[in-house]
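So you know, we letter chains A, B, ... as the sequences are listed, proteins then strands, and number each from 1.
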Number of protein chains: 2
Amino acid sequence: MERRRQARGERRMAEILDAAADAFAELGYEKASTNAIAARAGISPGSLYQFFPSKEAVARALADRFVADMTTAHASAFGGADVAEMDLGELLDRVVDPLVAFNLANPGFKALFARPDMPSALAESSQPIQAAMLGQVEAILGARTPGLAPADRARSARVLVRIFQAMTPLVTAAAEEERPAEIAELKRVLGGYLTSLSG
Amino acid sequence: MERRRQARGERRMAEILDAAADAFAELGYEKASTNAIAARAGISPGSLYQFFPSKEAVARALADRFVADMTTAHASAFGGADVAEMDLGELLDRVVDPLVAFNLANPGFKALFARPDMPSALAESSQPIQAAMLGQVEAILGARTPGLAPADRARSARVLVRIFQAMTPLVTAAAEEERPAEIAELKRVLGGYLTSLSG
DNA sequence: TTCAAACGCGAGCGATTGCTCGCAAAAATC
DNA sequence: GATTTTTGCGAGCAATCGCTCGCGTTTGAA
């Protein structure tokens with residue numbers, strides 16, 4: 001049931017997603033009420049529901065936008081590079097640095113992504129993000145550790161994504177002068193695990 | 001303002017904590033309403049508030065009980081053993097296996113512990129658990145990597161605890177036949193990180 | 001046996017939630 | 001200019017939340 005949107009409406013939808021990202025970042029998913037999101041967007045609660053049928057739909061649309069932005073960032077970090085032959089340190093830099101930058105630039109991202117215990121409604125909303133991350137990591141693993149059985153590769157991808165999810169808050173929450181050290185720790189954990197997979 | 005408790009009352013308090021652990025495990029902290037906890041304990045909402053002044057107080061008391069149980073489990077796993085000279089594999093077995101068993105036996109534990117984005121009320125409640133874990137890990141790090149500066153040691157302890165928090169749900173959620181493989185992955189991550197600290 | 005304190009109940013309060021509805025203004029279509 | 005559709009509003013509904021309160025029952029001490 002698509003409805004015809006005016007240009008004004010499309011702009012409003014983007015503003016609502018901006019407001020939702022803000023609210024999710026500051027209050028968390030549950031405490032960010034739809035009325036609060038509408039207020040931040042400068043509109044009434046009723047207007048929000050002209051564009052999104054439910055709070056979950058807002059989260060899903062925001063997650064889709066995150067995935068799109070993240071995918072282009074990931075592609076630009078790997079334009080034509082050979083993942084299989086790359087030095088481990090360089091690989092980690094190319095993967096981790098843009099993702100950390102993305103998390104710093106989009107504070108609302110982690111509210112939809114870095115949550116081990118998602119409510120079922122939110123889990124469905126953030127599934128595209130999870131799937132996108134897992135797919136990219138599995139592709140890298142396939143290129144670098146061809147000997148790994150598919151089941152093991154899938155498990156290792158889940159482990160790597162999980163580690164990144166868990167440690168990102170440590171990085172973003174750290175004071176700016178502590179951040180490089182925390183990023184180094186994150187790379188050390190990921191690198192140590194990857195090394196133990198190959199050796 | 002302590003009030004005098006009858007033996008019946010003490011038993012009720014333990015029952016309420018059992019019910020709260022159940023509810024937290026099944027529904028998560030926020031969705032586990034005080035009325036639902038009371039119902040699971042077989043008492044009325046009013047009776048619950050005879051023993052605990054607030055939902056947060058219930059969580060805090062439950063966290064305290066978890067810390068006590070965990071501390072004795074940890075002590076019994078290390079009775080007089082020499083952490084500094086121990087083989088890395090044995091160290092990981094001694095630390096990880098009891099903790100995994102504790103998590104499997106106490107499903108409510110992770111709702112209070114394994115949450116990167118705690119609401120401020122819950123953060124205060126689970127702080128004793130965090131502090132207990134950090135202290136034990138820092139003690140082990142101090143014995144095994146004496147060259148590490150205090151700030152680095154504290155950071156590494158935070159990293160190790162965080163990794164464990166993040167990967168525990170992978171272990172407990174896995175089907176029983178997959179569990180050994182997931183536990184092995186957990187130890188591999190922790191071991192890889194510890195090795196990279198010493199080397 | 002008496003009596004204050006502890007235990008127990010459950011309707012319901014005040015606040016908040018996600019969301020709806022009736023209606024008006026603006027824009028697109030004819 | 002007439003009509004339809006989209007945009008916009010904000011009071012407020014039904015449900016849920018943490019928690020209270022009035023009142024009755026049980027318990028232990030004197």
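For B/K55, there are no salt bridge (charged side-chain N to carboxylate O under 4.0 Å, His left out) partners, not counting sequence neighbours. Contacts of A/A84 classified as side chain to side chain contact (heavy atoms under 4.5 Å, CB included), with partners at least two apart in sequence or in another chain: A/D82, A/A143. Considering only residues two or more places apart in sequence or on other chains, A/P128 meets the side chain to side chain contact (heavy atoms under 4.5 Å, CB included) condition with A/D64, A/V67. In terms of the side chain to side chain contact (heavy atoms under 4.5 Å, CB included) criterion, residue partners of A/A36 (sequence neighbours excluded) are, by chain and number, A/S33. Residues that satisfy the salt bridge (charged side-chain N to carboxylate O under 4.0 Å, His left out) test with A/E85, not counting sequence neighbours, are absent from this structure. For B/E10, the salt bridge (charged side-chain N to carboxylate O under 4.0 Å, His left out) test picks out no residue, with sequence neighbours left out.
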- Note on the structure: Contact string for nucleotides 10-22 of chain C, one letter per nucleotide 5' to 3', B = base within protein heavy-atom range under 4.0 Å, S = sugar-phosphate only, - = neither, reads B------SBBB--
- If the sugar-phosphate is the primed atoms plus P, OP1 and OP2 and the base is the rest, what is the B/S/- string for nucleotides 25-30 of chain C, using protein heavy atoms under 4.0 Å? -SSSS-
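Rotation axes derived from the C1' atoms of the five outermost pairs at either end of the helix from C/dT1-D/dA30 to C/dC30-D/dG1 lie 10° apart, to the nearest 10°.
Going from atom CZ of B/F51 over to atom P of D/dG18 covers 19 Å, rounded to whole Å. Atom CG of B/L48 and atom P of C/dC7 are 13 Å apart (whole Å). Taking atom CZ of residue B/R3 and atom P of nucleotide C/dA4, one finds them 17 Å apart after rounding to whole Å. The distance from atom CD of B/E10 to atom P of D/dG28 is 13 Å, rounded to the nearest whole Å.
Sequence neighbours left out, the pairs with a member in residues 13-24 of chain A that pass side chain to side chain donor-acceptor pair (under 3.5 Å) are A/R12-A/E15, A/D18-A/R65. For residues 185-196 of chain A, every residue pair satisfying the salt bridge (charged side-chain N to carboxylate O under 4.0 Å, His left out) rule, not counting sequence neighbours, is listed here: A/D93-A/K187, A/D97-A/K187, A/E185-A/R188. The list of salt bridge (charged side-chain N to carboxylate O under 4.0 Å, His left out) pairs with a residue in residues 141-161 of chain B, not counting sequence neighbours, reads A/E178-B/R155, A/E182-B/R155, A/E182-B/R158, B/D152-B/R155.
Residues B/Y193 and B/S156 share a closest heavy-atom pair of OH-OG, 3.2 Å.
Ring pair A/F102/A/F66 is perpendicular by interplanar angle, where above 60° counts as perpendicular and below 30° as parallel.
Looking at heavy-atom distances under 4.0 Å, A/I43 makes contact with sugar-phosphate atoms alone, never a base.
Applying the 4.0 Å criterion to OP1 and OP2 of C/dA6, one finds that B/R5 has every side-chain N and O outside that range.
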